[in-house]
> 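Provided herewith is a single structure, encoded as structure tokens, for subsequent inquiry.
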Protein chains: 4
Amino acid sequence: MTEQANRGPADPADETSTPVRPGRRRSEESRRAILAAAYELLDEAGYARLTVEGIAARAGTGKQTVYRWWPGKADVLLEALTVHARRHVPLPDTGDHAADLHAFLAATFAAATPPTGDALRALMAEAQIDPAFGARFRDTLLNPRREALGTLLARAHAADALAPQLTPATAVDLAFGLLWYRLLATREPLDDRLAALLTRTLLRA
Amino acid sequence: MTEQANRGPADPADETSTPVRPGRRRSEESRRAILAAAYELLDEAGYARLTVEGIAARAGTGKQTVYRWWPGKADVLLEALTVHARRHVPLPDTGDHAADLHAFLAATFAAATPPTGDALRALMAEAQIDPAFGARFRDTLLNPRREALGTLLARAHAADALAPQLTPATAVDLAFGLLWYRLLATREPLDDRLAALLTRTLLRA
Amino acid sequence: MTEQANRGPADPADETSTPVRPGRRRSEESRRAILAAAYELLDEAGYARLTVEGIAARAGTGKQTVYRWWPGKADVLLEALTVHARRHVPLPDTGDHAADLHAFLAATFAAATPPTGDALRALMAEAQIDPAFGARFRDTLLNPRREALGTLLARAHAADALAPQLTPATAVDLAFGLLWYRLLATREPLDDRLAALLTRTLLRA
Amino acid sequence: MTEQANRGPADPADETSTPVRPGRRRSEESRRAILAAAYELLDEAGYARLTVEGIAARAGTGKQTVYRWWPGKADVLLEALTVHARRHVPLPDTGDHAADLHAFLAATFAAATPPTGDALRALMAEAQIDPAFGARFRDTLLNPRREALGTLLARAHAADALAPQLTPATAVDLAFGLLWYRLLATREPLDDRLAALLTRTLLRA
DNA sequence: TTATAATCGAGACGGTACGTCTTGTCTTCAG
DNA sequence: CTGAAGACAAGACGTACCGTCTCGATTATAA
């Protein structure tokens, strides 16, 4: 029933302008309990054992309440993650391209450590398996970060500070590629030293 | 490659000194039918709809024959992929570091296009969800490629041809990071131009 | 009869004081479809080829709906049978012991013909193989009939109408023994003539 | 392959007249091990958990060796039982009908106690489920006993010693009916007192 | 002595059903 | 009209046995 209008993780902001529909309002308490339950269960059991039933049970809600507001467990996790990690990555602009880039990368790397890193890995996996979720994942999480870094690197490019032959777009791919490859494949640490190395590689020596 | 690790019995690894065990031998026909079925079904339906039951049915075998030789559908796909893509990536050594690197990268990129690329994405996803498979995936597929590229870049490093501050290890991460990020996140093409750009970025200008 | 024992929640046994629990109620339609499917499939294919999967498929339900309400196929059949044969055997009390006994035996024999007789044979077989079902089979089907006949014969015994040396209990065993032996072993017909002969044997000449 | 000539549990008697075929002879050791394994496993685990695989494993033989000589586990058990219980029931003929009948019934009842009784119950169950086995069961075990008792009762009938209205055939049904009903349904003891009561009921007072 | 034939233990094979689990939907009553 | 509760149809999971087939090895007869 009427799931079309008010659905979507990111829009409790619209609440002020809603035309005040009849009926019981969405329970903010349930919403938070579901997000928290999803996050906790991922930690405790891993994505393979994360189920909608388990989330609902832990949250003390019915399954329908989950399905009414999210398409599936991956989307719950995606919203849980954006809640947890909303503003972890600011966009610095001090004029010092190297310092700005290093700060951004270091903050991004720091945000990709467990348990957030585990959620990211799970979502990237789900994005491969469920193409529709993949699109939402890109729109909600991947692309905003790409654009932030892209903006930063475009400034460097305009100042001719980018390494030769690199465009902002490919530099973004190199940076996030390194991040995700370490996260998904090698599981090696993402520390400030690596951010520094990456900064020097992407910018003109 | 072919399943030598998972069970004692058939063990074609001991080819020199096969102890000639009793009992019916593994059916090579069934093995091939299962690998082919898995590959075809991935193409036709996607990883989300790929099931062990479906593979067995398409291959004309019993489910038990799949489970006897592979832990699950991901491992079937992994072997199918190594069969399909065994020698797609040779290790050139002409003395020209840039040419060698470019050739390796271009060949690697070429091998990551559909349908092989789809299989790679599915396996990387599964590796995140099932940690035990993740280990097998790294051992069987990821690390051998890393070592090949590592060898190539170590040669360049010894000749002081690597870009400043880069070690062979981080250069490998940058290269494969770019590959996998495009494969998993942006789905942008992996062409020779990109291989060239990457070559110039990793090597000393 | 109808499954009141197996799960706490629904418990329609408390019909007077139903606490009105939330949640969807058991589907009476599915229940009937499952019972009918089991009965039909027994006829068509025999007990050896009767499967829970087949019952669910024929009934148009999921397997889980069968397992939620019955321990297995034998219990489905047992309920189907008690539904079909609920009041086939009344307990006559005309004062004429011989007439009463003959009527009871003739009605009992008549109820043991195919297809009901086939179901009885299957259930008696299952009772030997699965002891837990055996207990349910005795409680639900065997003992109620024993008690009915026992009551009838106790009346005859009180009037000194029973054959010498016979107690009501052994007379019951002789009567049902003859019935089941013919059903299970010789497959010879159970007709009114046999009921008459049995009546004369059990009662004082 | 040519299994037709020498198969069948009961015919090692033909060994003298066999045309002396080439090839390895049937292993008497395996045969005995299989029969013993079946009997033991029935005791330990019950008929529901008795499997051909389990019998073969316990006997230290291959499954094929079981299937070569018996149609299935029930036939193994049937032979095991006839080996164990071959001559437990002699046919007395002292001229005293009551004494003869009582002796026969008491011996028959005694042979139906565990563990033999458990095997009998299992076989009677299997006979209901598998009609082909049912025919073999009747021919091998049920009918020979019926004929023995029938012979005994025919003598009594000829001497006009049978209870009025009873024919030898129905008297046999009453006797075995009581035995099997107690075995399958009530599990009450089958003792000499019951044999005595039955004797008096079947014979003219 | 050699060929042929049947058995043996072992174990993989194509199948079928099991009983469980999870998905996403539907239905009930309470707020 | 939402929320918790929970039954529903659907279908894959991984396991257990079925009865058959295929091995090398062994044991017999017949040439």
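To find a chain, count down the sequence lines: A is the first, B the second, and so on, and within it residues start at 1.
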> Go nucleotide by nucleotide along DNA chain F from the 5' end; which of T51(D) and E28(C) gets its closest nucleotide reached first?
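Closest to the 5' end, via its nearest nucleotide, is E28(C).
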
> For G60(D) and V52(A), find the nucleotide of DNA chain E closest to each by heavy atoms; which residue's nucleotide sits nearer the 5' end?
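Final value for this comparison: G60(D).
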
> Is there a side-chain contact between V83(B) and R31(B) in this structure, where contact means two heavy atoms from C-beta onward sitting under 4.5 Å apart?
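They are in contact (side-chain heavy atoms under 4.5 Å apart), so the answer is yes.
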
> Round to the nearest Å and state the distance from E29(C) atom CD to dC26(E) atom P.
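It works out to 15 Å between those atoms.
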
> Rounding to an integer number of Å, can you tell me how far I55(A) CD1 sits from dT22(E) P?
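Spelled out: CD1 on I55(A) to P on dT22(E) is 12 Å.
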
> Using whole Å, what does the distance between atom P of nucleotide dC18(E) and atom CZ of R49(C) come to?
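Whole-Å distance recorded here is 14 Å.
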
> From the list dG3(F), dC23(F), dC18(E), which nucleotide is the closest neighbour of the side chain of E53(C)?
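Between dG3(F), dC23(F), dC18(E), the one nearest the side chain of E53(C) would be dC18(E).
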
> In whole angstrom, give the distance that lies between atom CZ of R24(D) and atom C1' of dT4(E).
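Answer to the nearest Å: 16 Å.
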
> Starting at the 5' end of DNA chain F and moving along, which residue's nearest nucleotide shows up first, P22(D) or G23(C)?
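With P22(D) and G23(C) compared, the 5'-side residue is G23(C).
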
> Take atom CZ of R21(B) and atom C1' of dG24(F), then tell me their distance rounded to the nearest Å.
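In whole Å, dG24(F) C1' lies 12 Å from R21(B) CZ.
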
> Salt bridge or not for E126(B) and R121(B), using N-O below 4.0 Å?
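Looking at R121(B) together with E126(B), the answer is no, because their closest N to O distance does not fall below 4.0 Å.
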
> What about K63(D): does its side chain form a donor-acceptor pair under 3.5 Å with the base of dG19(F)?
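Pair found.
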
> For dA9(F), does OP1 or OP2 lie under 4.0 Å from any side-chain N or O of S30(C)?
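Answer yes for this pair, as a side-chain N or O of S30(C) is under 4.0 Å from OP1 or OP2.
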
> Quick one: which of dT15(F), dA12(E), dC8(F) gets closest to the side chain of Q64(B)?
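Nearest nucleotide to the side chain: dT15(F).
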
> Select one nucleotide: of dT7(E), dT23(E), dG19(E), the one nearest the side-chain heavy atoms of W69(D).
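So the side chain of W69(D) is nearest to dT7(E).
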
> I'd like to know if R136(B) and E79(B) make a salt bridge, using a cut-off of under 4.0 Å between side-chain N and carboxylate O.
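No, no charged N to carboxylate O under 4.0 Å.
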
> For the pair made of CD1 in I34(B) and C1' in dG15(E), what is the distance, rounded to whole Å?
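Taking CD1 of I34(B) and C1' of dG15(E), I get 14 Å after rounding.
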
> Ignoring the backbone of T61(B), work out which of dC18(E), dA12(F), dG14(E) is nearest its side chain.
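Of the options given, the side chain of T61(B) lies nearest dG14(E).
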
> Between L50(A) and G54(C), name the one whose nearest nucleotide on DNA chain E is closer to the 5' end.
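This one resolves to G54(C).
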
> In whole angstrom, give the distance that lies between atom OH of Y67(A) and atom P of dC26(E).
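Whole-Å distance recorded here is 13 Å.
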
> Quick one: are L35(C) and W70(C) in side-chain contact, heavy atoms under 4.5 Å?
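Yes, side chains in contact.
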
> Do K73(A)'s NZ or CZ and the ring of Y47(A) fall within the cation-pi criteria of under 6.0 Å and 45°?
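Pair K73(A)/Y47(A) counts as cation-pi.
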
> Kindly say if R25(B) contacts the phosphate of dC21(F), meaning a side-chain N or O under 4.0 Å from OP1 or OP2.
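For R25(B), the contact criterion (side-chain N or O under 4.0 Å from OP1 or OP2 of dC21(F)) is not met.
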
> Within less than 4.0 Å of OP1 or OP2 of dG9(E), is there a side-chain N or O belonging to T65(D)?
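For dG9(E), OP1/OP2 do have a side-chain N/O of T65(D) under 4.0 Å.
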
> Roughly how many Å is it from CZ in R68(B) to P in dA16(F), rounded to a whole number?
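After rounding, the gap between these two atoms is 13 Å.
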
